[in-house]
Protein chains: 2
Amino acid sequence: MSSVREIARVVGVSPATVSRVINSDPRVAETVRRRVLEAANKARYVASVGRRPTTNIAFVYTSQPSLGSTYDTAILQGLSDGIELMGLDLVILNAGRNRLDHETYTQMFMRRGVRGAVLRATADSHLICEQIASEGFPSVVVGERFANPRVSFVHAESRPASRTAAEHLIDLGHRRIAICVNGIPDSDHADRLAGFRDAMKARDIEFDDRYAFQAWARRDGGTQLIRQIAAMSRPPTAVFITDPITAVGAFNEARELGVRVPEDLSIIGFDDGEMRYIVHPAMTAVCQDAVAIGRAAFEVLHELLDRKSATAVPRKVLRTWFEVHGSTAPPGQSATIKGSRQTTGQSRRKSTQKE
Amino acid sequence: MSSVREIARVVGVSPATVSRVINSDPRVAETVRRRVLEAANKARYVASVGRRPTTNIAFVYTSQPSLGSTYDTAILQGLSDGIELMGLDLVILNAGRNRLDHETYTQMFMRRGVRGAVLRATADSHLICEQIASEGFPSVVVGERFANPRVSFVHAESRPASRTAAEHLIDLGHRRIAICVNGIPDSDHADRLAGFRDAMKARDIEFDDRYAFQAWARRDGGTQLIRQIAAMSRPPTAVFITDPITAVGAFNEARELGVRVPEDLSIIGFDDGEMRYIVHPAMTAVCQDAVAIGRAAFEVLHELLDRKSATAVPRKVLRTWFEVHGSTAPPGQSATIKGSRQTTGQSRRKSTQKE
DNA sequence: TACAATCTATGAAACAGTTACACGGCGTAT
DNA sequence: ATACGCCGTGTAACTGTTTCATAGATTGTA
């Protein structure tokens with residue numbers, strides 16, 4: 001296959017120099033570095049230890065707080081299943097911190113014996129993902145959708161389910177409907193916003209821009225949101241919050257301020273785990289299966305590694321779905337309506353509050 | 001240092017055979033395998049790739065559902081900080097699945113170029129941890145406490161804070177106090193139970209064994225718990241639930257069944273993240289900082305790797321603390337008492353329910 | 001300008017681990 | 001008795017990395 005010595009022969013340089021380039025030794029001349037890297041990429045070089053090729057798969061996160069959300073944990077879980085089954089190893093990398101100055105991403109991976117990477121993208125790491133893809137390194141992105149045809153990704157299509165969610169609110173009789181997306185709007189949140197607008201447009205409801213909110217994907221993001229809503233002169237009667245932890249924060253603050261859910265405010269959240277069940281009433285939500293996304297990411301990566309030639313860029317689109325629980329109801333209704341069954345809801349709320 | 005060839009020379013065998021032993025090649029004779037392994041352990045062999053020693057740190061989990069809890073995520077977060085700073089790599093391993101038949105744990109690690117391991121222990125993986133420690137492989141356990149003097153671990157001492165928690169309930173006037181520990185009782189949960197009993201004993205309250213519950217560390221564990229309590233003829237007026245997700249499940253089911261928290265039932269939970277804030281009322285809880293545990297684990301491991309001789313086994317004990325929020329109150333009280341400030345509580349509950 | 005000192009980039013060689021292949025010994029079948 | 005096959009191990013060839021040496025360039029100094 002392609003070895004350090006092979007590349008050295010092609011470029012007309014010693015194996016030591018090739019090794020130095022791959023390990024980002026700063027002493028090697030710029031022109032030589034470029035020539036070596038080009039040859040290494042062209043030969044689809046993968047490191048070996050002894051005669052055995054390396055078998056590391058990297059989970060790469062870019063921004064700091066990434067590792068920590070339920071989404072990331074679930075992805076890891078889904079990934080590790082397939083990885084272990086194939087006898088590969090899973091390493092965790094921080095693209096920002098692990099990369100040396102002036103180092104290619106491919107170099108960073110080769111240095112660590114990484115064969116393929118799952119990139120955990122956020123809105124501000126689009127460039128990194130596209131860079132890695134354009135370097136030709138086998139990689140698949142989770143968490144973001146890309147127009148760039150070179151980027152391979154796994155994506156949960158949340159636009160249709162978001163539209164269904166918004167239509168559910170409209171069907172209940174809501175007209176003043178708010179939406180709250182992530183402070184740093186990524187493509188997922190943009191999709192959810194788009195689905196929301198689809199519904200509004202289809203049902204001929206004009207959308208008041210004062211009802212468009214942004215919040216950080218943290219608990220206090222939801223806190224702020226509810227405070228803003230509560231302070232409005234004509235507050236919305238329903239809100240679609242496109243992030244799980246923000247939605248939970250909103251639930252809490254609504255209680256704090258005496259805003260009843262769903263009587264005073266219907267809330268539709270977003271869930272990738274089981275957040276929707278740990279609030280009360282259980283949260284009506286657009287849902288995705290993050291573990292499945294992790295599994296799919298491995299499958300795509302596996303395909304990417306297996307194939308010999310550069311065929312089509314593999315992608316996978318999963319579905320999201322809409323689940324009705326107890327946090328949505330017709331607007332301005334009191335307790336009398338609460339016994340009514342929702343369409344697909346499993347919520348069995350009993351009246352613990354007596355108004 | 002110690003190389004494959006060095007060990008081969010000592011044992012009187014070829015380097016190839018040593019490599020085969022380390023990689024668990026089934027073809028090598030049993031007697032030879034034993035001699036080689038003994039020599040490798042004695043020489044504190046660490047794998048290299050080329051002339052560079054490997055620098056992998058493994059996060060090892062043993063049981064399947066482990067990776068996925070907030071605790072594990074937080075540990076990973078704390079770990080990765082130190083690991084990246086030192087230029088090491090973090091790999092995720094499943095001890096159960098990755099180990100080959102008849103393979104030593106040390107072999108499993110050497111095969112992967114792992115230099116040190118953080119072991120995520122549960123109640124049923126004590127043997128594995130002790131085995132790894134007794135093999136002399138640099139490792140530190142999180143999640144469990146060990147009597148075995150060979151095992152190095154990081155531990156959050158939850159007995160004193162649990163005692164304080166129980167005393168808080170007693171001070172509020174509770175006498176019928178229940179406790180719910182994990183279905184598979186590990187040392188952490190045992191400590192919390194012990195602290196609970198300490199308080200009962202110190203205040204001369206006889207403990208009714210019917211008030212000792214066990215539940216799975218899942219949401220429905222809490223569900224079952226509350227159902228059992230609600231069905232009792234003389235139910236407890238307070239319960240200490242030693243697991244975060246169980247506690248949250250209990251909160252939900254209490255609402256479902258119309259059991260008011262804290263009026264009908266005071267709940268003290270356990271929290272290693274910010275679970276206590278995402279329920280309502282905010283949960284009075286014994287708390288630990290799981291990210292700090294991860295950081296400490298790395299420090300201990302680092303110390304373990306750095307030292308040359310076998311000195312004392314490093315351990316680290318962190319503290320847990322008790323936080324009063326809104327889920328505890330005097331027993332049998334109605335809304336009139338609810339305005340009273342708790343000792344350290346930040347809870348600013350407002351009466352959203354009107355009884 | 002001449003010359004020494006230093007620095008820089010690179011190659012040769014030594015060394016790390018792994019595996020393909022060869023081979024000797026042992027058991028078994030014809 | 002001989003042939004065949006299997007098992008265990010060593011040799012050698014092949015990974016990648018680093019130390020050391022060295023040619024060439026650069027810099028400092030008289």
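It should be emphasised that the depicted structure is a prediction, and the values quoted were computed from it without experimental measurement. In the text below, chain A, chain B and the rest are named by the order of the sequence lines, each starting its count at 1.
In this structure, the nucleotide among dG16(D), dG8(D), dT18(C) sitting nearest to the side chain of Val49(A) is dT18(C). Checking dT10(C), dT18(C), dT17(D) against the side-chain heavy atoms of Val32(A) singles out dT10(C) as nearest. Out of dT18(C), dG11(C), dT9(D), the shortest distance to the side chain of Arg52(A) is found at dT18(C).
Ring planes of His302(A) and Phe298(A): parallel class, angle under 30° (limits at 30 and 60°). Aromatic ring pairs are classed by plane angle as parallel below 30°, tilted from 30° to 60° and perpendicular above 60°; the pair Phe153(A) and Phe146(A) is tilted.
For Ser3(B), no side-chain nitrogen or oxygen approaches OP1 or OP2 of dC15(C) to under 4.0 Å. A sub-4.0 Å separation between OP1 or OP2 of dT17(D) and a side-chain N or O of Asn23(A) is present.
Atom CD in Gln107(B) sits about 12 Å away from atom P in dT18(C), given to the nearest Å. Between Arg9(A) atom CZ and dT15(D) atom C1' the separation is 16 Å, expressed in whole Å. If you take CZ of Arg51(B) and C1' of dC15(C), they are 4 Å apart, rounded to a whole angstrom. Across the protein-nucleic acid pair, Arg35(B) atom CZ and dG8(D) atom P stand 15 Å apart, rounded to whole Å. Between Met110(B) atom CE and dG17(C) atom P the separation is 11 Å, expressed in whole Å. A straight line from CZ of Arg112(A) to P of dT17(D) spans 13 Å, rounded to a whole angstrom. Regarding Ile7(B), its CD1 atom lies at a distance of 11 Å from the P atom of dA16(C), rounded to whole Å. Whole-Å rounding puts the Arg111(B) CZ to dT18(C) P distance at 11 Å.
At a threshold of 4.0 angstrom between heavy atoms, the contacts of Val18(B) with the nucleic acid are absent. Within the 4.0 angstrom heavy-atom criterion, only backbone atoms of the sugar-phosphate kind lie near Val13(A); the bases stay farther away. At a threshold of 4.0 angstrom between heavy atoms, the contacts of Ser48(B) are confined to the sugar-phosphate backbone, with no base atom among them. Here Ala16(B) lies in heavy-atom contact (under 4.0 Å) with a base.
Residues Glu38(B) and Arg35(B) are not paired through a salt bridge, judged by the lack of any N-O separation under 4.0 Å between the basic side chain and the carboxylate. A salt bridge links Arg9(B) and Glu6(B); the closest N-O separation between the charged side-chain nitrogens and carboxylate oxygens is under 4.0 Å.
A donor-acceptor contact under 3.5 Å is formed by the side chain of Arg5(B) with the base of dG17(C). In terms of polar N and O atoms assigned as donor or acceptor, the side chain of Arg20(A) comes within less than 3.5 Å of the base of dG11(C) in a complementary pairing.
The 5' end of DNA chain C is approached more closely, in terms of each residue's nearest nucleotide, by Ser14(A) than by the other of Val4(B) and Ser14(A).
Residues Thr73(A) and Asp72(B) have side chains that never bring a donor and an acceptor to within less than 3.5 angstrom of each other.
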